[in-house]
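Reminder, nothing fancy here: chain letters follow the sequence lines and each chain counts from 1.
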There are 2 protein chains.
Amino acid sequence: MQGMTELLKGVLEGAVLQLIHDRGETYGYEITQTLNQLGFEDIVEGTVYTLLLRLERKGLVNVEKRKSQLGPARKFYRLTATGETARSAFWQKWAFLVTQLANLKPTNEPDVTNKEA
Amino acid sequence: MQGMTELLKGVLEGAVLQLIHDRGETYGYEITQTLNQLGFEDIVEGTVYTLLLRLERKGLVNVEKRKSQLGPARKFYRLTATGETARSAFWQKWAFLVTQLANLKPTNEPDVTNKEA
DNA sequence: TTCGGTACTTTATATTACTAAGTACTGGTA
DNA sequence: TACCAGTACTTAGTAATATAAAGTACCGAA
């Protein structure tokens with residue numbers, strides 16, 4: 001979708017934390033594919049990899065590099081305890097935001113949730 | 001709320017567009033107060049004013065400076081046609097995001113919307 | 001041996017919220 | 001009068017993040 005960049009700030013990190021949590025363990029390329037399938041179609045590899053580096057730097061994930069039989073080695077990510085806390089905190093912040101905006105949003109607004117016009 | 005900064009990116013602009021739309025006409029100081037009352041308690045004047053300057057630069061608002069009997073002159077903002085389009089587009093993008101995240105969010109998550117623990 | 005798919009890296013850029021410090025006008029009050 | 005609180009806007013700088021772009025490298029199959 002067009003012009004989502006700013007709106008994705010912070011959200012993307014939360015989404016990735018959740019994906020890692022769900023899978024238990026996963027790697028950048030897979031995360032990118034998954035995000036794309038989930039509707040975040042414009043997210044490219046570079047975005048995800050820089051995000052993962054950041055998570056690592058912040059101590060939210062553990063990394064383990066392992067070989068793959070169909071391509072280069074993969075870097076598997078797991079949430080640390082801090083990461084799990086961050087994931088949980090993210091959803092609280094998100095819920096807060098959603099509530100605030102619901103108060104602002106005009107009820108008469110079309111509220112187009114379906115993609116097909 | 002703590003650590004909302006990144007999550008607010010893009011959202012704040014949409015919120016302000018909506019507030020201007022609602023009031024028909026309003027000014028920075030009032031917008032700041034309103035946001036604070038609405039739960040965006042940490043938003044300070046500087047943030048709003050820079051945002052308004054940006055909206056003006058982008059042609060989303062018209063500005064008219066008028067005197068006030070209780071303080072310095074106020075700069076009143078009104079949405080332009082482009083601004084109205086941007087406001088509408090914002091809610092569509094927001095609805096899209098909310099939908100995507102709802103798919104990601106674990107149902108078992110506490111979902112704490114109320115402030116009191 | 002070339003190519004497509006897999007997988008990760010790195011540098012630079014644009015936007016945005018936020019900080020901080022300041023200017024200035026008004027009315028009341030001590 | 002002098003001061004102060006409340007109103008109202010400005011501006012320079014910073015941090016964080018998503019994104020663009022370009023590249024490296026591994027593998028199997030045609």
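Rounding to whole angstrom units, CG of residue B:Leu55 and P of C:dT15 are separated by 14 Å. What separates NZ of A:Lys93 from P of D:dA16 is a distance of 13 Å, to the nearest Å. In this structure, the CG atom of A:Leu70 is 13 Å from the C1' atom of D:dA29, given to the nearest Å. In this structure, A:Leu7 atom CG and D:dA16 atom P are separated by 21 Å, rounded to whole Å. The distance from atom NZ of A:Lys67 to atom P of D:dC27 is 7 Å, rounded to the nearest whole Å. Taking atom CD1 of residue A:Ile31 and atom C1' of nucleotide C:dC8, one finds them 12 Å apart after rounding to whole Å. Put simply, CD on A:Glu30 is 12 Å from C1' on C:dA7, counting in whole angstrom units. The CZ atom of A:Arg66 sits 18 Å away from the C1' atom of D:dC26 (whole-angstrom rounding).
For C:dC8, one of the phosphate oxygens OP1 or OP2 lies less than 4.0 angstrom from a side-chain nitrogen or oxygen of A:Tyr49. In this model, the phosphate group of D:dA8 is approached by a side-chain N or O of B:Tyr27 to a distance below 4.0 Å at OP1 or OP2.
Nearest approach of B:Phe90 to A:Leu101, heavy atoms of both residues: CZ-CD1, 3.8 Å.
Note on A:Leu53: only backbone sugar-phosphate atoms sit closer than 4.0 angstrom, heavy atoms only; bases stay farther off.
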Discussion item. The test is side chain to side chain contact (heavy atoms under 4.5 Å, CB included); show your working for B:Leu17 and B:Trp91 and say whether it passes.
Written reply: CA-CA 10 Å; B:Leu17 287 174; B:Trp91 287 115; over 6 Å; no
Worksheet item: How far apart are the C-alpha atoms of B:Met4 and A:Phe96, what are their side-chain angles, what is the distance that settles it, and do they pass the side chain to side chain contact (heavy atoms under 4.5 Å, CB included) test?
Response: CA-CA 10 Å; B:Met4 290 261 70; A:Phe96 172 78; 3.5 Å; yes
Practice prompt. For A:Lys105 and B:Gln18, run side chain to side chain contact (heavy atoms under 4.5 Å, CB included): C-alpha distance rounded to whole Å, both residues' side-chain angles, the deciding distance at 0.1 Å, then the answer.
Written response: CA-CA 8 Å; A:Lys105 187 173 183 172; B:Gln18 183 61 38; over 6 Å; no
Worksheet item: When you look at A:Leu8 and B:Leu97, which way does the side chain to side chain contact (heavy atoms under 4.5 Å, CB included) test go after all the steps?
Response: CA-CA 8 Å; A:Leu8 283 177; B:Leu97 236 202; 4.1 Å; yes
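Under the 4.0 Å criterion applied to side-chain N and carboxylate O atoms, A:Arg54 and A:Glu13 are assigned as salt-bridge partners.
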Residues 42-53 of chain A side chain polar contacts: donor-acceptor under 3.5 Å, at least two apart:
{"unit_1": "A:Asp42", "atom_1": "OD2", "unit_2": "A:Met1", "atom_2": "N", "d": "2.9"}
{"unit_1": "A:Tyr49", "atom_1": "OH", "unit_2": "A:Tyr29", "atom_2": "N", "d": "3.2"}
{"unit_1": "A:Thr50", "atom_1": "OG1", "unit_2": "A:Gly46", "atom_2": "O", "d": "3.1"}
{"unit_1": "A:Thr50", "atom_1": "OG1", "unit_2": "A:Thr47", "atom_2": "O", "d": "2.9"}

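Formation of a donor-acceptor pair under 3.5 Å by the B:Thr32 side chain with backbone atoms of B:Gly28 is found in this model. A donor-acceptor contact shorter than 3.5 Å links the side chain of A:Thr80 to the backbone of A:Leu60.
Of the residues in residues 71-83 of chain A, those with a non-hydrogen atom less than 4.0 angstrom from any atom of DNA chain C are A:Pro72, A:Ala73, A:Arg74, A:Lys75.
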Could I get a table of every N or O pair under 3.5 Å where one atom is in the protein and the other is in nucleotides 16-19 of chain C?
{"unit_1": "C:dT16", "atom_1": "OP2", "unit_2": "B:Arg54", "atom_2": "NE", "d": "3.3"}
{"unit_1": "C:dT16", "atom_1": "O2", "unit_2": "B:Lys9", "atom_2": "NZ", "d": "3.1"}
{"unit_1": "C:dA17", "atom_1": "OP1", "unit_2": "B:Leu8", "atom_2": "O", "d": "3.4"}
{"unit_1": "C:dA17", "atom_1": "OP1", "unit_2": "B:Gly10", "atom_2": "N", "d": "3.1"}
{"unit_1": "C:dA17", "atom_1": "OP2", "unit_2": "B:Arg54", "atom_2": "NH1", "d": "3.1"}
{"unit_1": "C:dA17", "atom_1": "OP2", "unit_2": "B:Arg54", "atom_2": "NH2", "d": "2.6"}

